Visitor: 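After the structure tokens below, expect a handful of questions from me.
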Amino acid sequence: MKTADSSLEERLRDPATRRDAFAELISKFSEPLYWQIRRMVQNHDDTNDLLQNVFMKAWQSLDMFRGDAKLSTWLHKIAINEALTHLQTLRRRQTESLDSEESVAARSIESDEWIDGDEAALMLRRAVASLPTKQQIVFNMKYFDEMKYEEIAEITGTSVGALKTSYHLAVKKIEQFLQDRS
Amino acid sequence: MSETRQNPIFPSEGTWPRKTGMTVPEGYFESFAEKMMERIPADEPRVVEMPRRSIWQTVRPYAYMAAMFAGIWLMMNMFSLFVPSSSTPSTQALLADVTSVQSDSYFSDYMASVSDYELYDDLYESGFDVPENL
């Protein structure tokens with residue numbers, strides 16, 4: 001019995017059905033990928049641009065997708081790479097303008113207009129943004145998306161043991177961050 | 001996103017609303033796919049046929065190489081044109097000089113014009129001891 005993903009993959013490979021299948025792929029994955037990117041870059045406008053880049057790159061490299069990994073894993077990898085490249089560019093600009101490292105993440109959060117006003121959630125965002133990038137990615141996938149370690153390992157190319165350590169450290173640091181500010 | 005589950009950060013509090021606190025413009029996800037598909041090119045962009053190479057495109061690298069060698073040859077010839085001809089004696093002239101040095105008349109003509117004094121003076125200048133009995 002074919003899974004929904006494998007059926008979608010087959011239609012993506014067929015030039016006759018590729019375009020319609022890609023529209024379906026966008027509808028299916030735009031929301032999880034959006035939140036994946038948004039939690040990394042914080043800002044809606046940047047996330048919107050990056051999400052479009054992700055799907056453009058996916059469309060242009062569809063032939064390179066061999067089906068060894070799941071479609072979702074492949075798309076998450078592209079999304080993380082896009083977000084990381086964006087953050088590196090921001091950091092480079094920040095270094096050039098001699099700002100402090102923390103100010104970029106903090107500024108992105110404070111300048112974000114699309115928030116619901118929940119103070120606890122805002123504090124958690126600040127705490128997550130204070131983590132090293134890798135720990136942020138692991139924490140977001142585990143805490144918010146409730147992904148299995150095996151799934152995260154496939155996307156990030158890291159061992160399950162290292163991911164568990166990374167998540168544990170992230171939780172401890174967030175806990176400390178919130179306690180210091182309570 | 002707003003479900004309430006066991007809180008790994010503050011276990012004593014039991015639960016934690018896993019809200020991100022972030023929102024999106026109304027209808028954002030509903031309209032995203034449609035907007036995105038408008039950006040996707042309608043034709044098939046990945047099948048790129050290589051255009052046929054013209055004769056000139058095939059010959060061009062060889063023509064450029066030939067032109068380069070011709071340029072080097074010309075440069076070398078131009079250089080030899082600027083060098084004065086007197087400073088570059090011909091092979092025949094050099095051969096004539098060598099022949100004259102080997103002949104007896106050359107030595108007798110040349111040696112006759114050098115006096116003993118000039119010879120000793122030259123040897124003295126170049127650090128040669130003149131024997132006492134001379």
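Letters A, B, ... mirror the listed sequences (proteins, then strands); counts begin at 1. Note that the structure is predicted; figures quoted are calculated from it, not measured.
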Visitor: Treat each ILVMFWY residue as a node, draw an edge where side-chain heavy atoms are under 4.5 Å apart, and state whether A:Val171 and A:Met123 are in one component.
Guide: yes

Visitor: Around atom CH2 of B:Trp73, are there more than 12 heavy atoms of other residues, nucleotides or ligands at under 6.0 Å?
Guide: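 No, not enclosed.
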
Visitor: Tell me the closest heavy-atom pair linking A:Arg125 and B:Gly21, and the distance in Å.
Guide: NH1-O, 4.4 Å

Visitor: Take A:Phe22 and B:Ile40, measure what side chain to side chain contact (heavy atoms under 4.5 Å, CB included) needs, and give me the verdict at the end.
Guide: CA-CA 10 Å; A:Phe22 197 75; B:Ile40 302 288; 3.7 Å; yes

Visitor: Is there a path of hydrophobic side-chain contacts, each under 4.5 Å between heavy atoms, that joins A:Leu8 and A:Leu75?
Guide: yes

Visitor: Give, as side chain, backbone, both or neither, the part of A:Ile115 having an atom under 4.5 angstrom from any heavy atom of chain B.
Guide: both

Visitor: Just verifying a value: how many Å separate B:Thr23 OG1 and A:Glu113 CD, rounded to the nearest 0.5 Å?
Guide: 10.0 Å

Visitor: Would you mind reporting whether B:Phe29 and A:Ser27 have side-chain heavy atoms less than 4.5 Å apart?
Guide: no

Visitor: Would you please go through residues 48-57 of chain A and name the residues with a non-hydrogen atom below 4.5 Å from one of chain B, in numerical order?
Guide: A:Asn48, A:Leu51, A:Gln52, A:Phe55, A:Met56

Visitor: Side chain, backbone, both or neither: which part of A:Arg38 has a heavy atom under 4.5 Å from chain B?
Guide: both

Visitor: State plainly whether one hydrophobic cluster holds both A:Leu84 and A:Ile78, where clusters connect Ile, Leu, Val, Met, Phe, Trp and Tyr through side-chain heavy atoms under 4.5 angstrom apart.
Guide: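 Same hydrophobic cluster.
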
Visitor: Quick one: pull up CE in B:Met36 and CH2 in A:Trp59 and give me the separation to the nearest 0.5 Å.
Guide: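 Going from CE on B:Met36 over to CH2 on A:Trp59, the span is 10.5 Å.
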
Visitor: Using a cut-off of under 4.5 Å on heavy-atom pairs, state which of B:Met22, B:Glu34, B:Glu30 scores highest against chain A.
Guide: B:Met22

Visitor: Are A:Leu33 and B:Tyr28 connected in a single hydrophobic cluster, I mean Ile/Leu/Val/Met/Phe/Trp/Tyr linked by side-chain heavy atoms less than 4.5 Å apart?
Guide: yes

Visitor: Between B:Phe32 and A:Tyr34, is the ring centre distance below 6.0 Å?
Guide: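 No, the ring of B:Phe32 stays outside the 6.0 Å limit from the ring of A:Tyr34, centre to centre.
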
Visitor: Looking at B:Met37, is its backbone amide N or carbonyl O close enough to the side chain of A:Arg19 to form a donor-acceptor pair, meaning the two atoms are under 3.5 Å apart?
Guide: yes

Visitor: Are A:Phe144 and A:Met141 joined in one hydrophobic group, where the rule is that I, L, V, M, F, W and Y side chains link up if heavy atoms are under 4.5 Å apart?
Guide: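 Yes; tracing contacts between hydrophobic side chains, which count when under 4.5 Å, links both residues.
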
Visitor: Around atom CD1 of B:Ile72, are there more than 12 heavy atoms from other residues, nucleotides or ligands closer than 6.0 Å?
Guide: yes

Visitor: Around B:Met68, counting heavy atoms of other residues, nucleotides and ligands shown, do more than 12 lie under 6.0 Å from its CE?
Guide: yes

Visitor: Counting heavy atoms not belonging to B:Glu26, are there more than 12 under 6.0 Å from its CD?
Guide: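 Open.
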
